[in-house]
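Inspection log for the structure reproduced underneath, given as structure tokens.
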Amino acid sequence: ATRLYGNNGENDHTNFLDEAASLGLRVAAGVSDYPYYQQVPGRCNTDTDYNCFTQVRATYLLNLQRGFVTEGGEYHPALQYMNILNEPDLKMPSGMDTAGSSKRARWRSLEGPIQMGRALISAFDAMLDAEKEAGVRGRLINFTATFSYATCMPCERFPHKPALGQMATLEDAMRHPAKYGYTPKNDIATAYIERFVHSFNTANPARDLNSQILDTYAVAFPRTPVYIGEYHSVGQENQTEDLDAVLALAASMPLFLGISFFQFQVAYWKGGPEQDFGMFGLGSRTGQRMDYFSAELDVHCLAPVRLAHSGAILSDAVAQAFGGWPVDTKSHCAANPLGVPLTDAGFASIAAQRSASQMRLFVERVAHHMGAAVPAASAPQLEQFARAWSAGGSELSFERLAAHLGSRPAWLVVDPDARCVANRDAAPAVVRAASG
């Protein structure tokens, strides 16, 4: 699975989810911070007193209409979890989980759990309401709210246990919304029981988890699964051993679903110790440029991060723990066979790599564009063809490749009625604009 953070509801997410599904990846998406405290005017912390129903309903409805739900009215098969808000205990309100020394600060901290609870249950209610308007049916996804690993001193229960006080406050708010100053429009208590999964972030090593949180969690929430949304103990000399330990812990505890390793790329913009996280950094080479909100930015090649104490490649350690293979970083800046233009130049950029796997993807893409498909039974023939065409030679060209595929070799299945073939990789927004 891959965990994501905020997203812009104005953008269509169909292509991303389709690609994830084709790779067998499950997606844990999330609502951005924008409707909670960044939307001006209209943010729900100051403008609507932590009642986030209106803001989050509009945001989530856009998500449902732009890729989260298929044309058949069901959730996209890749979508598994939806995070209402990441670390709400640090944001709604800010500093909620630390009690101040002055009387005024103490009052604010005691009010903090009420405000946080109201924000989360009103947002959850909004998302259930958006589902109704969108006509969602069939398989339903799970919801979560990922808390920090801080203790919540003003919380009624578990004030000295990391994350547990926040979870207990949320459960209480789901079951007793009036106590939190909210009247739900939907049956949030039942939806919480049937669809909610708890989650938290931590940089602590595996050896801390049982005593600090999981043993108590199993007693307090015996029917609600839990997972770690951000896991990476940067101080561990042997990352593979620590990951093996936490995955073994998940295998031995039915309620503990596992971890999402934090994180894919170094977040340079955060600075400080936050830059200790990330399996890949930005290399010195740039592959191309991209438009980002009217600004032209360089797209850097990724460079693997090495552990300071051992020199080991972090992504290799993660791959080993999860039973995968090391990432071939040499291909990170190579031309993408799924993105290069279907022209002589595009063919040349793939052929220059002398890679049968890259050529196979390019050939299959050209075949699709011509209204053909490669059935699973023909995979060996496609692989043999790609090896021959990736070996190099002045006689090989895009024109000859297209002509050969156009001759309908036996390993292709061609639609005889195909006349005009759409680009299957086009963004949905482009298709909508072209079709009116």
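The aromatic ring centres of Phe124 and Phe143 sit less than 6.0 Å apart.
Put simply, the side chain of Thr151 never gets that close to the backbone of Met153: no donor and acceptor are under 3.5 Å apart. Panel note: side chain Asn51, backbone Cys44; no donor-acceptor pair is recorded below 3.5 Å. Put simply, the side chain of His300 gets close to the backbone of Gly283: a donor and an acceptor are under 3.5 Å apart. Of the possible donor and acceptor atoms, one in the side chain of Asn7 sits under 3.5 Å from a partner among the backbone N and O of Gly30.
Side-chain atoms of Tyr149 and Gln212 include a donor-acceptor pair closer than 3.5 Å. A side-chain N or O of Thr144 and one of Ser199 form a donor-acceptor pair less than 3.5 Å apart. When only modelled atom types and interatomic distance are considered, Asp276 and His232 share no side-chain donor-acceptor pair under 3.5 Å. Remark: the Gln55 side chain and the Thr48 side chain contain an N/O donor-acceptor pair separated by less than 3.5 Å. Under the 3.5 Å distance criterion, with hydrogens and angles disregarded, no donor-acceptor pair is assigned to the side chains of Arg66 and Asn8. There is no side-chain donor-acceptor pair under 3.5 Å between Lys91 and Asn45. Tyr231 and Asp242 share a donor-acceptor pair across their side chains, judged by distance under 3.5 Å alone.
The CG atom of Leu401 sits 11.5 Å away from atom CD1 of Ile350, with the distance rounded to the nearest 0.5 Å. In this structure, Asp125 CG and Cys52 SG are separated by 11.5 Å, a value rounded to the nearest 0.5 Å.
By the 4.0 Å N-to-carboxylate-O rule, Arg400 lies too far from Glu395 to be salt-bridged with it.
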Inset, instruction - Evaluate side-chain contact (heavy atoms from CB on, under 4.5 Å) for Arg365 paired with Val340, printing each intermediate quantity in order. - result: CA-CA 10 Å; Arg365 180 175 166 223; Val340 298; 4.0 Å; yes
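Within a 6.0 Å sphere centred on CZ of Arg285, heavy atoms belonging to other residues, nucleotides or ligands number 12 at most. Counting heavy atoms of neighbouring residues, nucleotides and ligands inside a 6.0 Å radius, atom CD of Gln384 does not exceed 12 of them. For Glu399, the CD atom sits in a loose shell: 12 or fewer heavy atoms of surrounding residues, nucleotides or ligands are nearer than 6.0 Å.
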